[in-house]
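Counting convention: from 1, in listed order, for ligands and their atoms alike. Counting from 1, the numbers follow the sequence of the chain as shown. Keep in mind that this is a model prediction, so the values were computed, not measured.
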Amino acid sequence: MTVRRARWVIGNWKMNGSLAANATLLAGLVTAPRADAARLAVCVPYPYLAQAQAALAQSAVAWGAQDLSAAASGAYTGQVSATMLTEFGASLVLVGHSERRQYNGETSALVAAKAAVALAAGLTPVICVGETLAERDAGRAQVVVAEQLAACADVLRDGGARVVVAYEPVWAIGTGRTASPSEAQAMHAAIRAEIARLGGAAAATSLLYGGSVKASNAAELFAQPDIDGGLIGGASLVAAEFLAIAAAA
Ligand code: PGA
């Protein structure tokens with residue numbers, strides 16, 4: 001039995017952009033064809049959500065944020081709630097990106113709490129997992145990723161196919177070094193097996209690869225049986241490159 005999974009190409013702008021630069025980028029993105037093939041989205045810095053909403057509302061491209069608070073409201077200086085994101089038309093949010101785990105000390109437990117809050121607000125949580133180079137070299141890549149997923153077991157069970165998981169090996173992010181299609185496929189298959197073991201909707205969960213994806217390597221990665229699209233950092237900042245990656249999905 002073949003299960004149809006949603007295919008996604010999601011841009012992660014990180015802390016890049018300006019009103020002027022975004023206007024150029026968004027003007028390019030609105031030309032994306034409305035194809036059934038892959039769902040397109042961009043995750044923008046908070047101050048630009050309104051700009052993304054205004055530019056993309058009638059387009060084939062959805063928008064969202066790169067993080068959210070695990071709390072609903074209140075005395076959490078500097079944080080942004082799920083409800084605030086939905087007020088700006090966001091439909092998805094990244095949680096647990098390795099840069100947040102690394103620079104903001106986010107634990108897998110906090111990542112799981114954020115994913116649960118996102119789901120409850122009707123947002124698609126894109127749960128990011130991945131090992132460091134030291135962990136891979138120590139032969140612990142699958143163990144580390146399994147631990148990150150296990151923390152999200154409740155979310156994977158409750159959210160089912162509404163949850164998206166992105167595998168981003170930390171050593172491949174922004175380094176120009178991509179996991180080979182077979183390395184990525186092996187990890188994606190392991191992730192799918194782990195989601196099944198945890199009681200999630202393994203066959204229906206979209207699993208994205210991220211880490212130095214470009215137009216030139218996207219097709220080969222996306223052709224792997226367990227890779228359902230990509231999470232794109234640097235290459236999402238140029239409309240033509242992002243749309244070429246989208247076309248590969
Ligand atoms: P990259 O980033 O495509 O620039 O490697 C991917 C990501 O961190 O989401």
Report task. Return a yes/no value for T175: is any of its N or O atoms, backbone included, closer than 3.5 angstrom to an N or O of ligand 1? Result -> no

Report task. Begin from the C-alpha positions of E135 and T132 and carry the test side chain to side chain donor-acceptor pair (under 3.5 Å) through to its verdict. Result -> CA-CA 5 Å; E135 288 162 343; T132 63; 3.2 Å; yes

**Report entry** Nearest-option assignment for atom 1 (P) of ligand 1, heavy atoms, candidates C43, S212, G11
**Finding:** S212

Query raised in the report: Can you check whether G233 has an N/O within less than 3.5 Å of an N/O in ligand 1?
Result: yes

Query raised in the report: Is ligand 1 less than 4.0 angstrom away from at least one heavy atom of G211?
Result: yes

Report task. Would you check if there is a donor-acceptor pair between the side chains of R39 and S206 at a distance under 3.5 Å? Result -> no

Report summary line: Quick note on ligand 1: atoms under 4.0 Å from a heavy atom of G234 include exactly 1 (P), 3 (O), 4 (O)

Requested in this report: Decide whether the shortest distance between a heavy atom of A172 and an atom of ligand 1 is less than 4.0 Å.
Outcome: yes

Query raised in the report: How are the rings of Y209 and H188 set relative to one another: parallel (under 30°), tilted (30 to 60°) or perpendicular (over 60°)?
Result: tilted

Query raised in the report: Is L231 in polar range of ligand 1, meaning some N or O pair under 3.5 Å apart?
Result: no

Query raised in the report: Going by heavy atoms, is K14 under 4.0 Å from ligand 1?
Result: yes

Query raised in the report: Given the rule that I, L, V, M, F, W and Y join up when any side-chain heavy atoms are under 4.5 Å apart, are V129 and V126 in one cluster?
Result: no

